[in-house]
Amino acid sequence: MIDNLFDSTAGWLQEHALLPLMYSLGLMQWEDISYGWALFAVYGAAQVAITFAICLPLEAWRPVEHWPDKKAVLVDVLYTLIARVGLLPLVTFVGFYEVQQWLNGFLTDHGWIPPTLEGLFPILLGHQIATFCLYVIILDFADYWRHRLSHVFDWWYALHAVHHAQRQMTFWSDDRNHLLDEVISFLWFTAIALLIGIPPLQFPLLVLLLRFLESLSHANARLNFGRLGERLLISPRFHRTHHGVTAAGHDSVNYGAILPWWDMMFGTAEFSRIFVTTGDPTAEEAMASGGWLAQQSAGLRRLIWGGVSKDVSRVLPGPARSGARLRATGQAPGP
Amino acid sequence: MRSLLPVAALMAVMAAAPQAHAAGDVLVMNSAGASLSVIDMASKTELCRIPVLREPHHVMLTPDKRDLLVGDSAGNELVDLDPNSFAVRRHLPVSDPYQLGFSPNGKFLVVNGIARAQVDIYDPATYKLIKRFPLPTMPSHMDFAPDSGMVYVSLQGTGKLAAIDLRTMTVSWETAVGPAPAGVLWHNGLVLVAVMGADYVAVVDPATGKLDRRIHTGKGAHQLFLSPDGKIIYVNDRVEGTVVALNAATLIPEHTYKLPGGPDDIVFAPDGHVWFTLRFDHKVAVMDPASGTYDTIEVGRSPHGIFMNPRAVVKCPGG
């Protein structure tokens, strides 16, 4: 039912806004693909609205930190709107669609049936939720390694530092990323998606749910899922530890996005019971408190000329990592 | 909450029970829903959905009428169904099968790959590729000369119509027809092309490729179909939200129907009703051309191709 509501809204947007615009701009050859963008834009707007409706009261009810001035948060709102409603879904969708079509067609020409999970496991055909869950597990695993590697290489962390520089982390911070970092993510996920044949349009409602969980994990809220829940799904407390001032740079923990399983499996899980102070002390101030352009420029500067220091252990005292260090240096003030 | 369980159980049983219906079913390609909707013609209700891999767009009956082929473009396969029961028989790997058509003599299957900018000619007996024509860009729709000598393909990305000689396997000519051309129809010695980036149907001389004239229909002219009695050509205008009925003899517009929701492909029912897929409304419209009134039927996301078999009796899963 709710799926139909989104479809109808996307259809209305397509018919009454996008199509007349494309017609007047002479872009009608793209009208078929533009429906995909309309759909993603509608789901993106719904993501923002739902996240706003749930996370805002949550942050007001049990905030980890209080800030007199929330200017830095406004920039993250801009990041979110760009990433979820505006240009990015369009570029991502069209880009992914084109690359997937080209590569799969190429493989077919050479006698290869392009791989799909449903092809490997025919029982999945028609069972969209089960298929989606498998896709999520595979993609989350891939994202764990993408994220972990972005902390390993100096040049990559120079860009990723934009995400970590935020000292006022809220549910808006999930999309606070350098554009080049987004491009790398796009290429990374395109490669994985092509390997397992992810269908671009089948699961928007479930994607909405996942994006909500990712936003929630950044919320400025004293929220955890309990001893068992923390090990099933990533909570705001678990992910906050990753954003701690002592967890920036090379030496970090809790890289997972949706599932904590990969951190547990590869020894990077930190089930700290505290809520740490967030930010990256090695980041240029412009990355933390500048506007969107200033943050992007600071990321580029750090990429080209290097940062103050990429290894947080060089600027902060104490052991290189672990919850002991977090407890010693990075605990957020109580409510 | 517990009190709802018996109701839910009853609904589940009802859903699984055989769904009796009179003969006659319609198959709709839900291009953004990875499924095919089965509609009972008599009750005008969706009976079930058949899952497919990715993006089913168009459908074509083989010349011997024994197989129904659905092109799954992003899935890179043709899904072969029984046209009487809609049961899936096999999956044939084919590169980017967006639009497909058989030459009238049945010797060739032509497949337009809109994403890969290719027109492929297959042997329909073996589904082996005979020849590939890289045709920039976005080959979308097609029609054949009645003698099967030529296939005419609209090139949506470059605003052209291409003529491929199937005897010599060469491109005879390409001609500019207007922005984003879509539907193609061979009619009375002329080739008609719906020009989606404009508001007209281009009339082209099939021998020379010369643009003869333009027939104004409405903004976003997308597809055109000849009625079974050969008297009317229906033209769908995607942006305008209209369907224009052209007199097939004179090519003069005679009637304009308002049909919002992105009208696309058409099938004609034996009772005279015209069935349209509505791309943006996830619906199928069943219109009475005498009155212009229509009913709609909910289907899946972005319905595109449509096939009707008044004699089909489909047993849906669980039914």
Side-chain angles (χ1 to χ4, degrees), chain A residues 3-4 6-16 18-33 35-36 38-39 97-114 116-119 122 124-128 131 197-204, chain B residues 31-35 49-55 57 73-77 91 93-96 98 113-116 118 120 129 132 137-138 140 155-159 179-182 195-199 219-220 222 238-239 241 260-262 278-283 298 300-302 304 317:
Chain A
D3 231 5
N4 279 353
F6 286 128
D7 289 354
S8 302
T9 310
W12 186 92
L13 183 69
Q14 167 89 348
E15 186 175 7
H16 298 285
L18 271 182
L19 225 52
L21 183 68
M22 291 170 76
Y23 184 83
S24 61
L25 295 175
L27 296 171
M28 282 298 284
Q29 66 268 34
W30 299 106
E31 62 92 34
D32 208 1
I33 294 174
Y35 176 74
L39 204 55
Y97 184 89
E98 290 294 314
V99 173
Q100 188 187 45
Q101 286 280 14
W102 185 89
L103 191 70
N104 284 352
F106 178 82
L107 291 172
T108 310
D109 284 348
H110 290 77
W112 290 75
I113 296 172
T116 58
L117 270 189
E118 300 96 312
L124 291 174
L125 195 64
H127 297 90
Q128 294 203 345
T131 309
I198 288 185
L201 274 179
Q202 282 178 31
F203 311 119
Chain B
S31 64
S35 64
R49 289 184 193 175
I50 301 167
V52 294
L53 209 47
R54 294 290 179 265
E55 244 179 78
H57 279 283
S73 59
N76 287 281
E77 65 175 28
H91 300 264
V94 163
S95 174
D96 190 14
Y98 176 74
I114 192 167
R116 296 210 60 218
Q118 64 194 20
D120 288 342
L129 183 65
R132 163 158 299 159
T137 59
M138 305 175 93
S140 65
L155 302 175
Q156 208 165 293
T158 45
V195 181
M196 188 167 56
D199 59 357
K219 288 179 184 173
H222 179 76
R238 183 62 66 75
V239 179
L278 301 178
R279 297 293 295 277
F280 315 135
D281 265 3
H282 53 87
K283 286 183 183 126
E298 292 265 350
R301 189 179 292 143
S302 194
H304 197 174

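The CG atom of D32(A) sits 9.5 Å away from atom OG of S140(B), with the distance rounded to the nearest 0.5 Å. In this structure, CG in L19(A) is found 11.0 Å from NZ in K219(B), a value given to the nearest 0.5 Å. Going from atom CD of Q29(A) over to atom CD1 of I114(B) covers 10.0 Å, rounded to the nearest 0.5 Å. One finds the CG atom of L39(A) at 5.0 Å from the CZ atom of R301(B) (value rounded to the nearest 0.5 Å).
Proximity to chain A (any heavy atom under 4.5 Å) is restricted, for M138(B), to the side chain, taken from C-beta onward. Using a 4.5 Å cut-off between heavy atoms, P260(B) contacts chain A through both its backbone and its side chain.
Listed options A182(B), A198(B), S35(B) were ranked by heavy-atom pairs under 4.5 angstrom with chain A; first place goes to A198(B). Interface summary for chain A: among R279(B), H282(B), Q156(B), the most heavy-atom pairs under 4.5 angstrom belong to H282(B).
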**Asked** Are V239(B) and M22(A) close enough, and set up right, to give a side-chain contact (heavy atoms from CB on, under 4.5 Å), and what steps lead you there?
**Response** CA-CA 10 Å; V239(B) 179; M22(A) 291 170 76; over 6 Å; no
**From CA spacing to verdict: side-chain contact (heavy atoms from CB on, under 4.5 Å), L18(A), F280(B)** = CA-CA 12 Å; L18(A) 271 182; F280(B) 315 135; over 6 Å; no
**Item:** salt bridge (Lys or Arg N to Asp or Glu O under 4.0 Å) evaluation trace for E118(A) with R54(B)
**Value:** CA-CA 10 Å; E118(A) 300 96 312; R54(B) 294 290 179 265; 3.0 Å; yes
**Asked** Hey, mind stepping through E15(A) and R238(B) against side-chain contact (heavy atoms from CB on, under 4.5 Å) and telling me if it holds?
**Response** CA-CA 8 Å; E15(A) 186 175 7; R238(B) 183 62 66 75; over 6 Å; no
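You'll find the side chain of M196(B) stays beyond 4.5 Å of the side chain of Y23(A), heavy atoms only. With a 4.5 Å cut-off on side-chain heavy atoms, P179(B) and M28(A) do not count as touching. Side-chain atoms of H222(B) and E31(A), non-hydrogen and from C-beta on, do get closer than 4.5 Å to each other.
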